[in-house]
Amino acid sequence: MSIAEAEQYEGREITIRGWVSKIQTFPKHMFMEIRDGPGDHNKIQVVSKIVPVIIEQYVEITGQVAKLPPGKSSYQTVEIQLKTFTVLGESNSDFTMRVPVGAGPDIKLEERHLHLRSREFSLITVLRSMFLTTLRNVFQSSQSTEIIPPCFVGNQCEGGADLFSVKYPPTHGVEYMDAYLTQSSQFYLEMAVPAVGDCHCIYPSFRAERSHTRRHLTEFLHAECEWKDVLVFETHLEKLRWLVTSILTDFLQTAEIPLKQLGVYDHVVSLTQMEIVIMTHAEAIRECRTRGIYKCTETKTHFDPRDDIPEMQERALIDQIGKIVLLTKFPAEFKSFYMARDPEDTSLSLGCDVEVPGVGEVIGSGVRVFDETELRQRLEESGLKEEEYREYIDLRKYGNARTSGMGLGVDRFLTWVLGKESIRDIVTFPRYPGRLTP
Ligand code: 4AD
């Protein structure tokens with residue numbers, strides 16, 4: 001039976017199995033805390049005479065379930081009074097030295113396989129799993145179909161700078177083919193739309209990032225979707241607004257207990273109440289000027305209207321604004337070839353990044369180029385080979401449904417939702433430059 005069910009067995013004898021997560025020894029008796037899952041409801045106090053026990057042993061305990069003595073509190077209203085105790089999996093007494101309470105970020109990464117067991121990290125792991133349930137709930141509530149895209153791809157989606165090249169076996173001969181790990185599954189979702197309508201995927205993306213920042217990974221979980229019938233940009237923005245609001249609201253319900261156990265429930269409530277505003281790139285540049293956010297702080301140089309705003313300044317701006325910002329209409333040269341242009345000013349692209357305080361960009365999105373000739377022209381301008389985008393061009397030939405779509409960085413979004421400092425604080429086994437284990 002599981003520890004969470006123990007309260008139902010008050011006055012009876014039960015057998016549980018779990019890991020020893022805490023030991024308190026007194027002259028004649030001891031308390032052990034046994035856990036068999038991530039939450040506080042998966043822990044129980046066991047009271048016993050002195051027995052030889054070590055932290056992180058996997059044990060089988062048989063004993064009487066009894067109400068806690070008056071005035072005492074623990075994870076449950078009951079405790080187990082030990083009868084028999086068997087060690088099923090040995091441990092080593094150096095465990096608490098390897099991951100001491102209050103260990104710094106380096107130890108938590110170096111010993112991730114052990115740190116995972118801490119109360120905080122196991123709650124984060126469970127919340128990450130629940131967040132996937134939330135994403136699926138939200139997509140399915142809009143009749144979207146989940147697609148499983150490939151990992152190995154033959155063309156680039158988000159520029160060549162951070163492509164992971166891999167050797168890929170050919171049909172004949174010995175020469176390896178050029179292949180990449182996917183940067184985004186967008187093209188595959190676009191290909192699926194004529195078959196299934198709106199669709200989505202939750203799948204890893206890979207970027208050979210050189211930057212060691214607190215929001216970049218080389219492998220990240222990417223929740224992407226593609227929506228049909230987006231005839232005007234406002235429809236796309238409405239869909240994004242709906243998506244962000246629905247995710248936060250659903251997560252609050254789905255994950256109420258672990259969010260409370262982690263002490264971040266009220267924080268998530270405050271995010272559901274956060275205002276969502278739309279701001280064009282040109283307006284963002286003006287905001288930087290009025291708020292004293294400079295292109296170069298040393299020389300106090302202001303941004304020009306067509307400058308890209310680097311990550312650091314963009315984050316400073318969003319932190320000052322303190323709202324969820326849908327940042328739109330970027331100069332087209334900053335954005336990928338597939339992004340549609342603004343009919344009112346074709347030098348601007350109909351893209352939208354969702355920016356949040358504390359983390360910055362959590363969603364990249366946009367309306368797709370509809371016209372075949374325009375798409376060919378954009379490929380050429382970007383120095384890309386048409387033959388590598390044969391299927392993508394075909395979509396403009398056979399019943400294009402004017403789509404837009406988005407990619408939500410699950411790890412970044414969750415870093416924001418859980419109020420954490422770094423993406424490495426929430427990813428179970430983070431991958432960033434230089435790190436392959438654990
Ligand atoms: O803005 P990006 O590059 O957009 C795309 O990939 C589109 N093709 C998505 C689409 O329209 N289907 O990436 C989307 C999001 C970013 O906003 C960010 O949250 C996350 O993916 N992301 C990363 N997260 C962690 N580490 C990295 N290196 C990331 N790069 C992007």
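Keep in mind that the numbers below use all heavy atoms, side chains included, and drop hydrogens, waters and symmetry copies. Ligands are counted one by one from 1 in listed order, and the atoms in each one are counted from 1 as well.
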Undergrad: If the contact criterion is a heavy-atom separation under 4.0 Å, does Phe413 count as touching ligand 1?
TA: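 False for this residue.
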Undergrad: Any carboxylate oxygen within less than 4.0 angstrom of a Lys/Arg side-chain nitrogen, looking at Glu33 and Arg119?
TA: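 Judged by the 4.0 Å cut-off on N to carboxylate O distance, Glu33 and Arg119 do not form a salt bridge.
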Undergrad: What part of His216 sits under 4.0 Å from ligand 1 if we count only heavy atoms: the side chain, the backbone, both or neither?
TA: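 It is both backbone and side chain that touch ligand 1.
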Undergrad: How close do Val244 and Ile363 get, counting heavy atoms only, and between which atoms?
TA: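 Answer, listing the atom of Val244 first, then Ile363: CG2-CD1, 4.0 Å.
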Undergrad: Can you find an N/O atom of Gly409 closer than 3.5 Å to an N/O atom of ligand 1?
TA: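 N/O-N/O distance under 3.5 Å: yes.
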Undergrad: Taking only heavy atoms of Gly407, which atoms of ligand 1 are found under 4.0 Å from at least one of them?
TA: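 By the 4.0 Å cutoff, the relevant atoms are 9 (C), 10 (C), 11 (O), 12 (N), 14 (C), 15 (C).
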Undergrad: Which is closest to atom 17 (O) of ligand 1 in terms of heavy atoms, Arg215, Glu361, Glu158?
TA: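 Comparing heavy atoms across Arg215, Glu361, Glu158, the nearest one to atom 17 (O) of ligand 1 lies in Glu361.
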Undergrad: Could you tell me whether some N/O pair between Cys157 and ligand 1 is separated by less than 3.5 angstrom?
TA: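 Among all N and O atoms of Cys157, none is under 3.5 Å from an N or O of ligand 1.
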Undergrad: Mark up the atoms of ligand 1 that fall under 4.0 Å of a heavy atom belonging to Tyr338, in ascending order.
TA: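 Counting from 1, the qualifying ligand atoms are 7 (C), 8 (N).
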Undergrad: Could you check whether the rings of Tyr294 and His302 sit parallel, tilted or perpendicular, using 30° and 60° as the cut-offs?
TA: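 Tyr294 vs His302 ring planes: tilted.
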Undergrad: Which residue supplies the protein heavy atom nearest to atom 12 (N) of ligand 1, what is that atom called, and how far is it?
TA: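 For this ligand atom, the closest protein heavy atom is Glu224 OE1, 2.7 Å.
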Undergrad: Decide whether the shortest distance between a heavy atom of Glu226 and an atom of ligand 1 is less than 4.0 Å.
TA: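 False for this residue.
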Undergrad: Before giving the answer on side chain to side chain contact (heavy atoms under 4.5 Å, CB included), spell out for Thr245 and Thr249 the whole-Å C-alpha distance, their side-chain angles and the decisive distance to 0.1 Å.
TA: CA-CA 6 Å; Thr245 312; Thr249 313; 4.2 Å; yes
Undergrad: Can Asp411 be said to touch ligand 1, with heavy atoms closer than 4.0 Å?
TA: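 Per 4.0 Å heavy-atom rule, Asp411 does not contact ligand 1.
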Undergrad: For the ring pair Tyr389 and Phe337, is the centre-to-centre distance below 6.0 Å?
TA: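 Yes - the distance between ring centres of Tyr389 and Phe337 falls below the 6.0 Å cut-off.
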Undergrad: Looking at the rings of Phe220 and His222, which for Trp means the six-membered one, are their centres under 6.0 Å apart?
TA: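 Yes, the ring centres sit under 6.0 Å apart.
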Undergrad: So that I can tick it off, tell me whether Glu355 and Arg315 are bridged by a salt bridge, with the cut-off set at under 4.0 angstrom between side-chain N and carboxylate O.
TA: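 Looking at Arg315 and Glu355, the cut-off is not met.
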Undergrad: Side chain, backbone, both or neither: which applies to Arg368 and ligand 1 if a contact is any heavy-atom pair less than 4.0 Å apart?
TA: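 Near ligand 1, Arg368 shows its side chain, while the N, CA, C and O stay back.
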Undergrad: With a 4.0 Å cut-off on N to O distance, would you call Arg17 and Asp36 a salt bridge?
TA: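 Result for this pair is no, no salt bridge flagged.
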Undergrad: So between Tyr432, Phe220, Phe206, Trp416, whose heavy atom ends up nearest atom 24 (N) of ligand 1?
TA: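 It is Phe220 whose heavy atom sits nearest to atom 24 (N) of ligand 1.
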Undergrad: Is the shortest side-chain N to carboxylate O distance from Lys260 to Glu256 below 4.0 Å?
TA: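 So Lys260 pairs with Glu256 through a salt bridge.
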Undergrad: Look at atom 18 (C) of ligand 1 and say which protein heavy atom is nearest, naming residue and atom and giving the distance to 0.1 Å.
TA: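 So the nearest neighbour among protein heavy atoms is Arg412 NH1, 3.5 Å.
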Undergrad: If the cut-off is 4.0 Å to any non-hydrogen atom of Val362, which atoms of ligand 1 fall inside it?
TA: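 Answer for ligand 1: 17 (O), 19 (O).
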Undergrad: Which option, Leu217, Thr415, Ile363, owns the non-hydrogen atom nearest atom 26 (N) of ligand 1?
TA: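 That would be Leu217.
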Undergrad: Tell me which one of Met406, Arg207, Gln186, Glu209 gets a heavy atom nearest to atom 2 (P) of ligand 1.
TA: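 The nearest heavy atom belongs to Arg207.
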Undergrad: Do Phe429 and His113 have ring centroids that are under 6.0 Å from one another?
TA: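 Ring-ring flag for His113/Phe429: false, centres at least 6.0 Å apart.
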Undergrad: If you measure every N/O of Ser184 against every N/O of ligand 1, is any gap under 3.5 Å?
TA: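 Looking only at distances, the answer is yes, because the N/O contact criterion of under 3.5 Å is met.
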